[in-house]
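Here the structure comes first, spelled out in structure tokens, and everything after it is commentary.
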Number of protein chains: 2
Amino acid sequence: MEKPILSESQEDYLKEIFKLRELNLNVSMQDLANKLNVKPPSVTGMVKKLCAMNLVEHEPYKGVQLTETGEKIALEILRHHRLLELYLAKHLNYSWDEIHEEAERLEHVISEKFEAAIAELMDHPTHDPHGDPIPSADLVIPDSPELAPITLHKTGHQLTISRVMSQDKDILNLLSRLELIIGRKITIKGNESTGVRLKVNENQYLIPHSIAKLVWCHDDEKAD
Amino acid sequence: MEKPILSESQEDYLKEIFKLRELNLNVSMQDLANKLNVKPPSVTGMVKKLCAMNLVEHEPYKGVQLTETGEKIALEILRHHRLLELYLAKHLNYSWDEIHEEAERLEHVISEKFEAAIAELMDHPTHDPHGDPIPSADLVIPDSPELAPITLHKTGHQLTISRVMSQDKDILNLLSRLELIIGRKITIKGNESTGVRLKVNENQYLIPHSIAKLVWCHDDEKAD
DNA sequence: AAAAATATTTAGTTATAGCTAATAATATAT
DNA sequence: ATATATTATTAGCTATAACTAAATATTTTT
Ligand SMILES: [Mn+2]
Ligand SMILES: [Mn+2]
Ligand SMILES: [Mn+2]
Ligand SMILES: [Mn+2]
């Protein structure tokens with residue numbers, strides 16, 4: 001009674017609405033079309049259907065948002081996705097940039113049993129390999145430390161890389177070659193017009209702002 | 001060039017044609033409709049499409065069979081399925097009767113990387129938990145010992161259960177409760193009108209023919 | 001060789017989820 | 001306030017993969 005059967009497409013819409021809402025204030029039809037790689041008329045059609053199912057609400061030109069039921073489903077899929085990513089990395093030797101694509105397909109087909117089995121095996125983890133929080137079995141998002149992109153942190157401070165806001169293979173590959181991975185301590189040496197100068201281990205890099213703003217860090221020196 | 005992209009449905013058709021061909025001489029449209037839980041007109045339509053793709057050949061009233069390309073794809077899916085079944089059983093604590101359903105969905109979405117990873121982890125196994133042979137990475141079916149259903153073996157002989165020809169949850173559950181599992185040694189005590197009397201460990205059972213014929217065994221006493 | 005039974009196909013329908021081109025509604029800029 | 005740009009929707013089309021009801025072809029039985 002509680003669980004309507006949704007198509008993979010519908011699940012992806014709900015998940016994407018959730019993720020966009022986490023960032024933006026409101027989610028436009030355009031935003032969804034971009035993220036889901038479909039055209040706006042397709043979004044209109046699907047959002048209409050999801051409205052009818054009471055999974056989303058839509059005020060044209062104002063935004064789409066999830067109902068309580070819709071959010072639960074989104075969190076369920078997100079949990080699948082992030083548990084899978086961690087599982088693939090830890091148990092099947094996938095690299096950072098390979099996990100997203102595989103999880104994107106598997107998330108829709110694993111059973112609750114599969115979900116529970118890998119969660120158990122990994123001792124109920126709270127964050128995936130990108131630093132994204134994994135909703136708990138009862139669909140609560142765990143607290144994360146206070147984070148901000150490198151570009152917003154103070155020069156001179158020591159930071160811990162805690163989350164990477166991209167699933168792009170090339171970006172992730174680049175970051176891991178520069179050792180800019182989750183948990184790494186870095187120091188901002190300076191903010192220049194072309195990018196941010198960082199000290200990573202013994203090395204120094206100038207990374208472009210476009211990359212820097214994707215890397216979210218905790219400030220180890222901040223007192224609060 | 002070598003790999004057309006097929007729908008899940010199409011993959012299931014190819015797999016089912018392969019499995020039926022292993023048993024029957026020819027595979028009718030009806031057979032396929034039954035196995036795939038669709039109606040005959042749906043089969044006509046899909047077989048026509050698969051013919052056009054050169055994956056199957058069809059002589060009406062005579063049967064459907066796979067082309068070389070079609071067979072390769074069928075074996076690829078079968079490999080996914082059987083590797084997954086074994087993986088679920090060995091690494092995620094699934095029981096005998098739970099693995100099939102999950103593998104049925106996962107088989108279509110795992111990548112070649114995933115396939116390779118679990119094959120490696122399990123040391124390139126040749127048989128799944130039902131005793132079904134797992135096609136190798138280059139799609140060759142491994143040799144199995146000479147097997148026949150319990151119903152065709154000689155009274156008094158000691159047998160080793162080597163393959164179970166069912167994916168039905170209830171049947172598998174029943175069999176495992178009776179300890180009639182892969183690798184178990186049994187002895188046929190007699191063939192009666194209602195069924196076959198077996199000695200399993202220290203116990204004796206009379207199991208109906210309908211069940212007995214699903215359990216395929218190797219004759220440990222046969223000299224050949 | 002007909003008749004009956006079985007197997008297969010055709011014709012026409014449905015549902016899902018996309019698309020383009022055109023239209024309408026709203027927001028923004030002048 | 002009006003014009004322009006942006007955003008969203010409608011209308012109509014496509015493809016996939018089912019379905020039912022009816023027609024046709026083949027095999028089997030009498
Ligand atoms: Mn997905
Ligand atoms: Mn992630
Ligand atoms: Mn399947
Ligand atoms: Mn099996």
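Below, read A as the first sequence line, B as the second, and so on, with proteins coming before strands; counting in each chain starts at 1. Only a predicted model underlies this, so the values are computations on that prediction, with no experimental measurement involved.
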Tell me: [atom1] of [X] to [atom2] of [N], nearest whole Å?
| X | N | atom1 | atom2 | value |
| --- | --- | --- | --- | --- |
| A/N37 | C/dA17 | CG | P | 17 Å |
| A/M46 | D/dT9 | CE | C1' | 16 Å |
| B/L50 | D/dT16 | CG | P | 12 Å |
| A/E8 | C/dA17 | CD | P | 10 Å |
| B/D12 | D/dT16 | CG | C1' | 15 Å |
| B/M53 | D/dA15 | CE | C1' | 12 Å |
| A/H108 | C/dA17 | NE2 | P | 12 Å |

Would you tabulate the nitrogen or oxygen pairs shorter than 3.5 Å linking the protein to nucleotides 5-11 of chain C?
from   : atom 1 : to    : atom 2 : distance (Å)
C/dA7  : N3     : B/Y61 : OH     : 3.2
C/dT8  : OP2    : B/M29 : N      : 3.3
C/dT8  : OP2    : B/Q30 : N      : 3.1
C/dT9  : OP2    : B/T44 : OG1    : 2.9
C/dT10 : OP2    : B/K48 : NZ     : 2.6

Does a side chain donor of either A/D12 or A/S9 reach within less than 3.5 Å of an acceptor in the other side chain? no

Side chains of A/S166 and A/D168: is there a donor and an acceptor less than 3.5 Å apart?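 Checked: A/S166/A/D168 side chains show no N/O donor-acceptor pair below 3.5 Å.
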
Presence of B/K39 side-chain N/O under 4.0 Å of D/dA21 phosphate oxygens OP1/OP2: no

Examine D/dT16: is either OP1 or OP2 under 4.0 Å from a nitrogen or oxygen in the side chain of B/Q10? Give yes or no.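 B/Q10 to D/dT16 OP1/OP2: no side-chain N or O under 4.0 Å.
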
Contact class for A/S9 (heavy atom, under 4.0 Å): base, sugar-phosphate, or nothing? sugar-phosphate

For B/I150, which of B/N191, B/I161, B/V196 qualifies under side chain to side chain contact (heavy atoms under 4.5 Å, CB included)? B/V196

Give a yes or no answer on whether the side chain of B/E102 reaches the backbone of A/S111 with a donor-acceptor pair at less than 3.5 Å. yes

Of the candidate nucleotides D/dA18, C/dA17, D/dT16, which contains the atom at the shortest distance from the side chain of B/K49?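 So the nucleotide nearest the side chain must be D/dT16.
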
State which of C/dA17, C/dG18, D/dC19 makes the closest approach to the side chain of B/S42. D/dC19

With sequence neighbours left out, what residues match B/H100 under ring pair (Phe, Tyr, Trp, His ring centres under 6.0 Å)?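 Expected list: B/H81.
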
Just to verify, what does A/A116 make a side-chain contact (heavy atoms from CB on, under 4.5 Å) with, not counting sequence neighbours? none

Criterion side chain to side chain donor-acceptor pair (under 3.5 Å) against A/E107, the qualifying member of A/K15, A/R82, A/H80: A/K15

